Undergrad: 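So that we are looking at the same thing, I have put the structure below in structure tokens.
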Number of protein chains: 2
Amino acid sequence: MSLEFAILGFLNYHPYTGYDLKKIFDGSVRHFWPADQSQIYRTLANLTERSLVQMEKVPQEDRPDRKVYHINDLGRNELRKWVAGPAPLDEPRSAPLIQVFFSGMLTDEEILQKFEGYAEIMRMILARYDQVPDQLGPFQQEITSPREHFFWLLTLENGLVSMRASLAWAESIIERIKSGQVPQK
Amino acid sequence: MSLEFAILGFLNYHPYTGYDLKKIFDGSVRHFWPADQSQIYRTLANLTERSLVQMEKVPQEDRPDRKVYHINDLGRNELRKWVAGPAPLDEPRSAPLIQVFFSGMLTDEEILQKFEGYAEIMRMILARYDQVPDQLGPFQQEITSPREHFFWLLTLENGLVSMRASLAWAESIIERIKSGQVPQK
DNA sequence: TTACTATATATGATTTATCCTATATATGAG
DNA sequence: CTCATATATAGGATAAATCATATATAGTAA
């Protein structure tokens, strides 16, 4: 479960609450790992039970009390072991490609519309990539090291090059459709 | 749930058993939708219960009886509606990118090894793409239409361009590491 | 006999994620 | 008052997937 390692990774920078972590995920890694609030809390509870982190309760006056989580040495060792380890098996599924696969049953007009829709979504996603650096928010405090910044940018870069390749693919298909290169029914 | 639509899509070509479908998935769409046998059977049962398909039992002598599933008009309409519909929300997660994100904690040697490992895996995946056409097997009978073939090739093309982009990304990082462009700890 | 293959059909137990709901403190706007 | 925001914490119900197990028919090889 990679969420647990992402959480450990962030706690290795600084102790955080579940609420902090949600904001940090949204600001730094959402482009390749969106984190659900429920899952964050569940994972923190699980990490605590397995003694990879410690929870410190911090009373507040005008707001609910905070539960700040601290990584410990065991957690740190597990994190390092995983980060240094082999690439996790990664077999992503793409539901849009199932649609593409069975597109032959549609009219050429419908297919053209479909690919124009895909291309539009991809452009929006690419535009979102441009905004990621502006949304770091609280995590900006942690990426002060040029080294951390470098690796974070690499994840952005990967998203960008993949999405650009997919957009070029979609645009090329749109051209092929328009120039009548799709075999007829 | 896209598996259900992939199954309906294949049944729209021809009635199949669960066992057939598993082989067909492995031969045609595994590169973007690997299908688990358990899930296939569960999904077929679900589709049957929802009256989108009908099941016909076919006795055999030297082998266990077959359960052949037929799509009906309701199933066909649902399929077409989905295929023509908007792109399903697609937020894939990449566990390897979490490793990349926290790589700064490793030594440069470890990082180099890691990226060389990623690049190797990507090359293997690209090599696998070259083999997909040879593995169509029973599904070859269905893609007789140039149109169906065209859309199937588009899914391969998408996988290829994305994976090539990611490999180029990994190789460029390897070069950057070797030429000392990674900020120090 | 075991181990492997093939043809065929499943189900169990578990995990992760989603989307909903809930609780509490506070503020502001209609 | 309701709805929205913010700070904070959760849990419920459900779905999909994984990996294991199981059943049955058959065959081959060691």
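All of these numbers come straight from a predicted model, not from anything done at the bench.
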Undergrad: Of the options D:dA8, C:dA6, C:dA17, whose atoms approach the side-chain atoms of A:Q60 most closely?
TA: D:dA8
Undergrad: Using a strict cut-off of less than 4.0 Å between a Lys/Arg side-chain nitrogen and an Asp/Glu carboxylate oxygen, indicate whether B:R76 and B:D73 qualify as a salt bridge.
TA: yes
Undergrad: Check this for me: does any side-chain nitrogen of one of A:E4 and A:R42 sit under 4.0 Å from a carboxylate oxygen of the other?
TA: no
Undergrad: Figure out the CD1/P separation between A:I40 and C:dA17, and round it to whole Å.
TA: 11 Å
Undergrad: Determine whether the aromatic ring centres of residues B:F5 and A:F102 are separated by less than 6.0 angstrom.
TA: no
Undergrad: If the cut-off is 4.0 Å, is B:Y41 near the phosphate of C:dT9, judged by side-chain N/O to OP1 or OP2?
TA: yes
Undergrad: Is there a donor N/O on one and an acceptor N/O on the other, under 3.5 Å, for the side chain of A:S38 and the base of C:dA17?
TA: no
Undergrad: Given atom CG of A:L47 and atom P of D:dA10, what is their separation to the nearest angstrom?
TA: 13 Å
Undergrad: Strictly below 4.0 Å, N to O, side chains only: are B:D36 and B:K22 in salt-bridge contact?
TA: no
Undergrad: B:R63 has a side chain; which of C:dA17, C:dT7, C:dG12 sits nearest to it?
TA: C:dT7
Undergrad: When you measure only distances, ignoring hydrogens and angles, does the side chain of A:Q37 come within 3.5 Å of the base of D:dT9 through a donor and an acceptor?
TA: yes
Undergrad: Starting at atom CG of A:D26, determine the distance to atom C1' of D:dT7, rounded to an integer number of angstrom.
TA: 15 Å
Undergrad: Side chain of B:L3: nearest nucleotide among D:dA17, C:dT7, C:dT18?
TA: D:dA17
Undergrad: Do A:P183 and B:S145 touch side chain to side chain, with heavy atoms closer than 4.5 Å?
TA: no
Undergrad: Within the pair A:K23 and D:dA6, is there a side-chain N or O less than 4.0 Å away from OP1 or OP2?
TA: no
Undergrad: Once you round it to whole Å, what is the distance between P of C:dA17 and CG of A:N46?
TA: 11 Å
Undergrad: Choose from C:dA10, C:dT7, C:dT11 the nucleotide whose nearest atom is closest to any side-chain atom of B:R42.
TA: C:dT11
Undergrad: Nearest to the side chain of A:K67 - D:dA16, C:dT7, D:dT9?
TA: D:dT9
Undergrad: Name the residue closer to the 5' end of DNA chain C, choosing between A:P34 and B:V68 according to the nucleotide with the nearest heavy atom.
TA: B:V68
Undergrad: Is atom CD of A:Q181 surrounded by more than 12 heavy atoms (other residues, nucleotides or ligands) closer than 6.0 Å?
TA: yes
Undergrad: Which is more 5' along DNA chain C, the nucleotide nearest B:P64 or the one nearest B:Y69? Just name the residue.
TA: B:P64
Undergrad: Between D:dA16, D:dA8, D:dC19, which one does the side chain of B:D36 approach most closely?
TA: D:dC19
Undergrad: Whole-Å distance between D:dA6 P and A:D20 CG?
TA: 15 Å
Undergrad: From C:dT18, C:dA6, D:dA8, pick the nucleotide closest to the side chain of A:Q39?
TA: C:dT18
Undergrad: Quick one: label A:T17 by what it contacts on the DNA or RNA (base, sugar-phosphate, nothing), any heavy atom closer than 4.0 Å.
TA: sugar-phosphate
Undergrad: Can you tell me the distance, in whole Å, between the CG atom of B:L21 and the P atom of C:dA10?
TA: 12 Å
Undergrad: What is the separation between atom CZ on A:F5 and atom P on C:dT15, rounded to the nearest whole Å?
TA: 15 Å
Undergrad: How many whole angstroms separate atom CD of B:E4 from atom P of D:dT14?
TA: 18 Å
